[in-house]
There are 2 protein chains.
Amino acid sequence: MTEPPITTKDRILDVAERLFADCGFEATSLRTITAEAGVNLASVNYHFQSKEALLHAVFERRVNPVNRRRLELLDACEAEFQNEPIPLERLLEAFFRPLVLELGGVFPKLFVRFLYLESPNTFRELFAKHLRPIARRFFPAFHRSLPGLDPSELFMRIQFAVGGMAQLLAAKSLAEVIGEGSFTIPSHEVALEKLIQFAAAAMRSPVSRGAL
Amino acid sequence: MTEPPITTKDRILDVAERLFADCGFEATSLRTITAEAGVNLASVNYHFQSKEALLHAVFERRVNPVNRRRLELLDACEAEFQNEPIPLERLLEAFFRPLVLELGGVFPKLFVRFLYLESPNTFRELFAKHLRPIARRFFPAFHRSLPGLDPSELFMRIQFAVGGMAQLLAAKSLAEVIGEGSFTIPSHEVALEKLIQFAAAAMRSPVSRGAL
DNA sequence: GTCTATAGTCGGATAGAC
DNA sequence: GTCTATCCGACTATAGAC
């Protein structure tokens with residue numbers, strides 16, 4: 001086992017990830033990043049090409065392992081249940097757990113920024129590129145587990161569930177402000193369980209048309 | 001009826017709202033705002049004091065009517081049902097409808113930015129200031145409608161539901177990218193109905209402990 | 001209230017020595 | 001690979017004429 005060499009490149013990635021998550025891309029300057037990382041300003045443009053390329057690197061470093069893990073868990077489910085539909089909770093867990101629980105750090109918070117807003121136009125495309133293969137594998141699996149829902153209805157319900165996940169990942173900052181500290185904030189493990197339970201109950205509910 | 005005078009101040013507010021929603025606060029310059037609004041650069045600092053004060057004005061112009069309307073609808077529910085618990089769907093509608101359906105325009109999208117990330121530190125406090133009174137009125141009402149849930153569990157479920165709302169408000173941009181255009185995007189009216197149904201089913205589900 | 005002009009700052013990116 | 005020094009553009013904010 002060799003010592004893990006903490007290279008300049010890694011130090012930049014670590015600090016950039018944290019600052020992008022906390023303050024956003026536009027609000028974070030390369031000067032702040034390099035100062036906090038204790039590296040030279042010019043090293044960013046040496047190791048990466050530009051600030052935006054740094055953002056891409058920050059994103060890809062984490063999203064690749066997360067998505068690999070999602071597909072691993074999905075594969076395991078499909079192997080276990082063969083041609084049977086996968087139980088909904090298991091499917092939701094395969095989708096949520098790698099990002100919500102296994103990864104750790106500040107990337108999940110940054111991911112929520114990406115999901116809703118982060119602006120550079122070239123970045124939206126990168127984001128979609130990494131998410132589309134996941135959607136293409138998981139959507140049919142959800143469809144088999146919930147055969148009663150037509151695809152558009154299912155897609156919308158998955159979206160609502162993803163919204164719940166986003167809320168969980170960004171909730172610390174929100175719960176403190178709105179909840180005024182009077183509620184118990186559960187561990188991530190418990191919160192994930194509650195999210196899965198919440199989403200499963202909602203996704204299974206019968207479609208009622210024109211009820212409102 | 002006098003003609004509605006479109007003042008410089010209003011033109012600035014309108015354009016700033018749109019650009020903040022589309023690009024974010026930091027990525028939007030006063031120069032872009034004033035150029036698109038067809039007004040002078042210096043007029044922003046005359047009518048508002050600073051870029052950040054402009055953001056505050058943009059926010060308060062919309063959030064006040066929305067929150068007034070939420071409380072109106074809640075009052076109406078409480079009058080209708082007296083001491084009875086309000087049906088959950090009605091409560092969710094009172095909370096969601098003013099922002100999701102009645103307001104229109106780009107503010108809902110901007111609201112999602114505020115909810116998860118928008119950075120200026122002084123702004124988080126303004127955001128909380130406007131949301132806390134709403135939370136204080138709605139939370140007890142939810143508690144009466146779902147007496148079986150302890151407060152922390154209820155708070156978490158409300159948060160997940162809010163996540164679903166956020167997803168709906170920001171979903172246009174997302175659905176197109178991930179869904180690759182193969183799904184029907186319903187009208188806002190229908191989407192609101194689906195959101196309420198989704199959230200109600202999830203919030204009513206029994207609490208299962210240690211199931212995972 | 002609206003304009004021009006500019007102050008003063010900070011940002012990303014690069015050149016070139018070591 | 002790492003540093004210093006610097007270019008150059010963009011930004012917020014303001015001063016002051018009209």
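Order of the sequence lines sets the chain letters (A, B, ...), proteins ahead of strands, with each chain counted from 1.
- Considering only residues two or more places apart in sequence or on other chains, B:Glu26 meets the salt bridge (charged side-chain N to carboxylate O under 4.0 Å, His left out) condition with none of them.
- For B:Thr8 and C:dG1, the shortest distance from a side-chain N or O to OP1 or OP2 is not below 4.0 Å.
- Checked against side chain to side chain contact (heavy atoms under 4.5 Å, CB included), A:Ser182 has no partners two or more places apart in sequence or in another chain.
- The pair B:Asp14-B:Arg61 meets the salt-bridge criterion, since a charged nitrogen lies less than 4.0 angstrom from a carboxylate oxygen.
- Contacts of A:Thr184 classified as side chain to side chain contact (heavy atoms under 4.5 Å, CB included), with partners at least two apart in sequence or in another chain: B:Ser152.
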Sugar-phosphate or base contact per nucleotide [nucleotides 3-15 of chain C; S, B, -; heavy atom under 4.0 Å]: BB------BBBB-

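- Residue pairs meeting the side-chain hydrogen bond (donor to acceptor under 3.5 Å, both in side chains) criterion with at least one partner in residues 39-50 of chain A, sequence neighbours excluded, do not occur; the list is empty.
- Under the side chain to side chain contact (heavy atoms under 4.5 Å, CB included) criterion, A:Pro140 pairs with A:Arg144, sequence neighbours left out.
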Mind listing the side-chain donor-acceptor pairs of residues 99-108 of chain A below 3.5 Å, one per line with the distance, residues two or more places apart or on another chain?
from, atom 1, to, atom 2, distance (Å)
A:Glu102, OE1, A:Arg69, NE, 2.9
A:Glu102, OE2, A:Arg69, NE, 3.4
A:Glu102, OE2, A:Arg69, NH2, 3.1

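- At a non-hydrogen distance threshold of 4.0 Å, nothing from residues 11-18 of chain B comes into contact with DNA chain D.
- A:Arg11 is linked by a salt bridge (charged side-chain N to carboxylate O under 4.0 Å, His left out) to nothing, counting only residues two or more places apart in sequence or in another chain.
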